[in-house]
Engineer: 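Okay, here's the structure, questions in a sec.
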Amino acid sequence: MAKVNVLGAGSWGTALSLLLHKNGHQVKLWSALENEVKMLNEKREHESKLPGVHIPEEVEITTDLEGCLEDVDVAVLAVPSPFTRSTAKQMAPFVKEGQIIVNVAKGVEEHTLMTLSDIISEEIPTANVCVLSGPSHAEEVGRGLPTTCVVSAEKREIAEYLQGIFMSPVFRVYTTPDILGVELGGALKNVIALAAGTADGLGYGDNTKAALITRGIAEIARLGTKMGASQETFYGLTGMGDLIVTCASVHSRNRKAGYLMGKGYTMQQAMDEVKMVVEGVYSAKAAKSLAEKYDVDMPIIMEVNKVLFEDKSAADAVRDLMLRDKKVETPMLPWQ
């Protein structure tokens, strides 16, 4: 049994707390919001974000950040990506040398273009920062539905240790050394999911969705490999796997926000309606900046930014994607 505390009591943090508790670990769940902690302790259920999923009494729910980082084996950082830096800064005074911190949020910081693990490492230089990602909606993990994820760390033994911590009969975990690829796949697929949702809102069909998924992963892989990640990562769980589930699922906040924009909502109206952090909106500008910095062609990412921030209509964005210059799908392959 390990002491594994989860920082962030949203849907994903709550679902992981349940998983870790069922795996036999001693678990605390932390939130910075006193009202949220009070509600969770009274109801033992996150009524708005994970309805119908009971939180056992053995899972302690608290606002005591120092207590959650004292003598803990693994700290799981599950706050939404826009709050990763501020939470890491709060954690820093209480983190011991070599503390394993597993980031499970997905995003890229807009103004620095840093991945979340890099942000955590900058704010907490003494920590051993790792990443867990993959096609894993909290609603399904909370209900114990079969799920697969991938964990990444700088050292194999740490990744394998975490694999053992999270692995269960309904939660299969793979390992990889490619932290950058795992994070880029997880962050950038949210932007493509906005496009997929928008296409749904416009009434387009499965052909359109398939095009956005396949061309979207091509864009993500082009950028990722240019930045030094491994191409294989993007055709695995945290690339193609996560992209498929986020573009297709009714649970996806990014797809839902895109769907509403396809129906004519503004970006802000869509985010207000979803009532949870829509990670893709925060990652879209960063993705555009990365594409420009590394001189990578990412037309879907560019059109999503125009719809989000330049008042371009979603229908015009799709039309412009379809009418781009003719391209070869596999430029790396020679003709006979």
Engineer: With sequence neighbours left out, what residues match H21 under ring pair (Phe, Tyr, Trp, His ring centres under 6.0 Å)?
Structural biologist: none
Engineer: Give a yes or no on whether L145 and I244 share a hydrophobic cluster (residues Ile, Leu, Val, Met, Phe, Trp, Tyr; joining criterion: side-chain heavy atoms under 4.5 Å apart).
Structural biologist: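 Different clusters: L145 never reaches I244 through Ile, Leu, Val, Met, Phe, Trp or Tyr contacts under 4.5 Å.
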Engineer: Within a 6.0 Å radius of atom NZ on K43, are there more than 12 heavy atoms belonging to other residues, nucleotides or ligands?
Structural biologist: no
Engineer: Could you tell me whether a side-chain N or O of H46 sits under 3.5 Å from a main-chain N or O of A9, the two making a donor and an acceptor?
Structural biologist: yes
Engineer: Got a sec, which residues hit ring pair (Phe, Tyr, Trp, His ring centres under 6.0 Å) with H251, two or more places apart in sequence or on another chain?
Structural biologist: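 Applying ring pair (Phe, Tyr, Trp, His ring centres under 6.0 Å) to H251 gives H137.
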Engineer: As an exercise, state the distance from CD1 of I120 to NZ of K89, rounded to the nearest 0.5 Å.
Structural biologist: 13.0 Å
Engineer: I'd like to know whether Y282 forms a side chain to side chain contact (heavy atoms under 4.5 Å, CB included) with E110, so could you lay out the CA-CA distance, the side-chain angles of the two residues, the decisive distance to 0.1 Å, and finally the verdict.
Structural biologist: CA-CA 7 Å; Y282 293 93; E110 180 186 329; 5.8 Å; no
Engineer: For residues G280 and L194, report the shortest heavy-atom separation together with the two atoms involved.
Structural biologist: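 Shortest heavy-atom contact: C-CD1, 3.6 Å.
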Engineer: Cut-off 3.5 Å, side chains only: do T266 and Q268 have a donor facing an acceptor?
Structural biologist: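 No - no donor-acceptor pair under 3.5 Å links their side chains.
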Engineer: Can you find a side-chain donor-acceptor pair between E140 and T147 that sits under 3.5 Å?
Structural biologist: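 Judged by distance alone, the side chains do not pair up.
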Engineer: Name the one of E219, E303, R215 that satisfies side chain to side chain contact (heavy atoms under 4.5 Å, CB included) with M298?
Structural biologist: E219
Engineer: Of all the heavy-atom pairs spanning D242 and S133, show the shortest one and how long it is.
Structural biologist: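 In terms of heavy atoms, the two residues are closest at OD2-OG, 4.0 Å.
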Engineer: Is there a path of hydrophobic side-chain contacts, each under 4.5 Å between heavy atoms of I/L/V/M/F/W/Y residues, joining I179 to L77?
Structural biologist: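 Shared cluster, no.
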Engineer: Of all residues at least two apart in sequence or in a different chain, which pass the salt bridge (charged side-chain N to carboxylate O under 4.0 Å, His left out) check with K288?
Structural biologist: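 K288 satisfies salt bridge (charged side-chain N to carboxylate O under 4.0 Å, His left out) with E292 once adjacent residues are dropped.
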Engineer: Side chains of E97 and T126: donor-acceptor distance under 3.5 Å anywhere?
Structural biologist: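 No donor-acceptor contact under 3.5 Å links the two side chains.
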Engineer: Considering non-hydrogen atoms only, spot the tightest contact between A159 and V151 and give its length.
Structural biologist: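 Where A159 meets V151 most closely, the heavy atoms are O-CG1, 3.5 Å.
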